[in-house]
Amino acid sequence: MAGVRGEIDTEALLAELTEPQRQAVTHTDGPLLVLAGAGSGKTRVITRRAAYLASEVARPREVLAITFTNKAADEMRNRIVGLGVGRDMTVCTFHSLCARLLRIHHERAGLAPNFTIFDQDDRRNVVKQAVRACELDPKNWPAGPIEGRISNAKNEMLTPEAFAEQASGYYDGVIARIYTAYQQILAEQQGVDFDDLLMRMALLLAEDDQLRDRLEDRYRYVLIDEYQDTNDAQYNITHLLTERRRNLCATGDPDQSIYGWRGANIGNILRFEQDHENAVVVRLEQNYRSTKRILAAASSLIAANIHRKEKTLWTENAEGRRVRQVDCPDGEGEGQFIAGEIAKAIADGRPPSDVAVFYRINALSLDIELALRRAGIAYQVARGQAFYGRKEIKDLLAYVRVLVNPAETTSLRRIINTPPRSIGKTTLGKLDAEAARSGRSLYDVVMDSAAREALGRGSDKVGRFAELLRTLQPLVVGPAAKALTEAFSQSGLRASLVGEERADEVPLENVENLIAEAEKYDRQQPEGSVIGWLEETSLLSDVDSIDDTAGAVTLMTLHAAKGLEFPVVYIIGVEEGLLPFRREADGPADVEEERRLCFVGMTRAKEELTLCHARYRVRHGQTLRNVRSEFLRDLPSDEIERCDDDPDASDGGFAVAERGTRGPEDWLPGVFVLHDEYGIGVIRSIRSWGALNHATVAFEDGEEHSFILEYSDLTRLEPDEIG
DNA sequence: CTACCGGATTTTTTT
DNA sequence: AATCCGGTAG
C-alpha cells in the first residue's frame, strides 16, 4: 500500500518499529504525548511520523515541526526529505518560527518590517541604558539580575504595563520602571530580544483571531520536540496554534528537563494529559543507544530524584565496558589523562569524531583544549556564540545591522569611530544633543548635512562617515556576502585588521570565515536577503556550529549535548559546586535539575563513558580544592571502575583534611554528624577555602550552619548510630 | 581625541 | 587570569 501522494512508501515508514513506536507514528488526529526516554529512538519516530502525516493525511506544508536547535531542525528536515517528503515542511525552532511570522505580519504585531534581533550582549547593553535612563546607580542595579527579571516577565507574557500592575514592593517597582525604559529603548531602535519573539507572537495570536485562524489552517499538524523544556510563552503559542484541531504531538522526557533556570516549565509535559482531554500517551522505554552498563549507571543516578515520574529504561544492547570514574590531581592532569586516552583510542582505529567531552561550564574546556592541542588531536568546541562575540565580527556585523536597521543606534555608535576616524566623545555628544533636540534618530542627524555644519571641527569627519553609509546603503537588497565584503573593505575595517594577530588567532581569518558563511547562505537561500541572513545568524545556537563531518573530537557543555549521541563520552569536572553547580550568591541550587543534567550527559554515550573529577581546580586565577560530586555516590559502585590518574593520591577527591585530623572518606555531603549545641544534622556541602574545608550542615530544626571541619567539634555518625 | 593605567568584574547553563 | 570600564594625562 503506497501513500496517497505516491512518492512515499508508507510500508517502509512503518518497517522495523516496535508497537509503541508504530502507535506514535500512525496516530493522526487528536493530542498525542510521546514520553520518550533517552535513546529510545525518538528522532526516528518523529521523522517517520512527520513523513507519515505528510503522506496520509496532510500536505508537507501543513505540518509544522518545532525543535530545540537549528541543528536539530536541519537534521530532521534532511531525514524527512530522505523519506521522500518534499522540502516544504516547516521544521524550525520556536524562535525562528516567531521571527519569520513576526516579519511577515509585522504590521499586525506593531513592528517595523526591518526589525533586528538583539542578542545577549545587546540586551545587556540596553539594560544598562535603561538603568541610566531611570537615573539609578548601575552599581546598585547590576544588569544580570535585571535581565533575568525582565526575561521571566516576558516568559510569563507580562508587558511592562502588566508587570507594573502586579509588581509589589520597592524592588519590583524599580524593576517595573527599568523594564518600561528597556522596552522603550528597544522600540526606538526597532529591536526585539529573544524573549520578545515568543511573547509578541503569543500575544499576537491571542488577540488576532483572524491571523490565528489562518495559521491554524496552514499548520494542521504540529509537532513539538523537547516539550519538557518549553516555557509558558511557548506553551501559549503551541496552544493557540492547535486550539481548534487539537492535532498536537508533543515529545519529550521529564528526566531531561534542564532549562528550568530560563523559564522552562516542566509542568507543561507533566500536565499534558490534564491539559488535553483524550490525549493518547505513548511511552518509549526501550533504549537503543547505550550499553547495559551505561544505562544502569544513568538510571541509578536519575532514580535519586524524588520529584519524578517513575520510568524504567531497558536495553537489549551488549553489556559493554564498565563506566569509569577517574580521580585527577587537577584540571591540567584531567586534560592530559583524557588526551592520552583519546590518542590511544585513535591509534587503535577509533575516529576522533566518535569522542565527545562534556562539562558544566564553558571555562572547563580550556584545559582539555590545551591538552588536545599538545597531543595533536583535532577538536571542535561547540561555542558558536563566542565566534560572533569577537570584536572584529561584532564590528562588521554592526555595519550590516545599521544598513538593515538605521534606527539601531547602539550599532551606529559602535561603528561611528571603528576603525578610528577621530570622531570622539565631544562630537558624538553634539550629535546626541541634536538628535534629542530635534527628536530625530542619531542616524538621521548623522545623515543631515545641515546638522553636520554645526559640529565645527568634527563636521568633515562625520560627513565622510555619512558618505560611507550612503555608499553602502544600496547593498541591503543584494546578497549577504556582497554587503559584508563591501562594508568590510570600504569602512576601513579590513585595512585596520591587516597584520593583526592575537593569542593564536587572526582576526582577518575570522572575518573571512564569516563571509564564507554568508556565501553559503546566499547559495542556499537564493531568495534570501541581508535581513534574512542577519536573522538566521542572530538565532544560531552553540551546537549549530559543530560539524559532524569534521573528523574531530567534540567539546561542549552538558546543556548543548542534549539530543546528541557519541560512542565515547567523557564528562569532566564532576565535582561538588561544579556539578551540581552552586554559587553562594544565589540561593540553593536546583540539585534535581543538576542531576538531570548529569543524566542527560551520561545517556549521550553509546559505548564508553568516563566521569572525571579533579582535586584542585583553578578558577578566577585562584586554586580551589574540590571534592568529588555527590552524584557519584548515586552510581552503582560495583558497576563502576575507579581509576586513578595519580597513583600517589588514591584517596582522591575525599582528601578533605590536610591537617590530618579527619579521615578522608568521612566528610561528604549526605553524611550525618552530631554537634554539641545543634544536635544531629546532615552535611549539605563541602567547600574548600585555601587549606581549610568548610562544611554546610542542615540540622533537624531546619537551620543550616557552616563549620570549618579542621576546627569544629562535629562528630561523624555511622549510619547505624542514627535512631 | 587617543593612549594608558588601575580597579572592578567575570563564568552557569542558552534560544 | 583576562578583559572591560572609567578616569586622567598628553
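To find a chain, count down the sequence lines: A is the first, B the second, and so on, and within it residues start at 1. Reckoned from all heavy atoms, side chains included, excluding hydrogens, waters and symmetry mates.
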Next on the checklist: Whether the side chain of A/T238 engages the backbone of A/Q234 through a donor-acceptor N/O pair (distance < 3.5 Å, no angle test) should be reported.
Outcome noted: yes
Checklist entry - For the residue pair A/Y227 and A/Y235, is the inter-centroid distance of their aromatic rings smaller than 6.0 Å? => result no
Checklist entry - According to the interplanar angle, ranging from 0 to 90°, do the rings of A/Y259 and A/F68 count as parallel (below 30°), tilted (30 to 60°) or perpendicular (above 60°)? => result tilted
Item to check | OP1 or OP2 of B/dT15 under 4.0 Å from side-chain N/O of A/S541 | outcome: yes
Checklist entry - What nucleic acid atoms does A/T426 come within less than 4.0 Å of, heavy atoms only: base, sugar-phosphate, or nothing? => result sugar-phosphate
Checklist entry - So which nucleotide from B/dT13, B/dT2, B/dT15 ends up closest to the side chain of A/Q120? => result B/dT15
Item to check | B/dT15 OP1/OP2 closer than 4.0 Å to side-chain N/O of A/N231 | outcome: no
Checklist entry - Atom CE of A/M201 to atom P of B/dT15: distance rounded to whole Å? => result 21 Å
Item to check | Proximal nucleotide (of B/dT2, B/dT13, B/dC1) relative to the A/T427 side chain | outcome: B/dC1
Checklist entry - Checking all strands, does A/I423 fall into the base, sugar-phosphate, or nothing category for heavy-atom contacts under 4.0 angstrom? => result sugar-phosphate
Checklist entry - Start at the 5' end of DNA chain B and walk down; is the nucleotide closest to A/L428 or to A/S96 reached first? => result A/L428
Checklist entry - Taking CG from A/D367 and C1' from C/dA1, how many angstroms apart are they, rounded to a whole number? => result 13 Å
Next on the checklist: Looking at A/T69, I'd like to know whether one of its side-chain N or O atoms comes within less than 4.0 Å of OP1 or OP2 on B/dT15.
Outcome noted: no
Item to check | Spacing between A/I571 atom CD1 and B/dT13 atom P, to the nearest angstrom | outcome: 16 Å
Next on the checklist: As a test of reading the structure: which of B/dT13, B/dT15, B/dT2 is closest to the side chain of A/I361, going by heavy atoms?
Outcome noted: B/dT13
Checklist outcome for this item: Assert: residue with more 5' nearest nucleotide on DNA chain B, out of A/D544 and A/E594, is A/E594
Checklist entry - Between atom CG in A/N265 and atom P in B/dT15, what is the gap in whole Å? => result 20 Å
Next on the checklist: Tell me whether A/F94 and B/dT15 count as stacked here, given that the ring centres must be under 5.5 Å apart and the planes must differ by less than 30 degrees.
Outcome noted: no
Checklist entry - Rounded to whole angstrom units, what separation is found between the NZ atom of A/K562 and the P atom of B/dT13? => result 16 Å
Checklist entry - Taking atom C1' of B/dT13 as reference, at what distance in whole Å does atom CD of A/E147 sit? => result 14 Å
Checklist entry - Quick one: A/D229 CG to B/dT15 P, roughly how many Å, whole number? => result 12 Å
Next on the checklist: Using only atom types and a distance under 3.5 Å, with no angle test, would you say the side chain of A/R628 pairs donor to acceptor with the backbone of A/E575?
Outcome noted: no
Checklist entry - Is a donor on one side and an acceptor on the other found under 3.5 Å between the side chain of A/N236 and the backbone of A/D232? => result yes
Checklist outcome for this item: Side-chain contact check for A/S422: nearest option of B/dT14, B/dT2, B/dT15 is B/dT2
Next on the checklist: Could you tell me how far apart A/R262 (CZ) and B/dT11 (P) are, to the nearest whole angstrom?
Outcome noted: 18 Å
Next on the checklist: As a test of reading the structure: which of B/dT11, B/dT14, B/dT13 is closest to the side chain of A/Y259, going by heavy atoms?
Outcome noted: B/dT14
Checklist entry - Backbone N or O of A/T410 within a donor-acceptor pair of the A/Q189 side chain at under 3.5 Å? => result yes
Checklist entry - Can you tell me if the side-chain N/O atoms of A/N417 get under 4.0 Å from OP1 or OP2 in B/dC1? => result no
Next on the checklist: Please confirm whether the shortest side-chain N or O distance from A/N155 to OP1 or OP2 of B/dT15 is below 4.0 Å.
Outcome noted: no
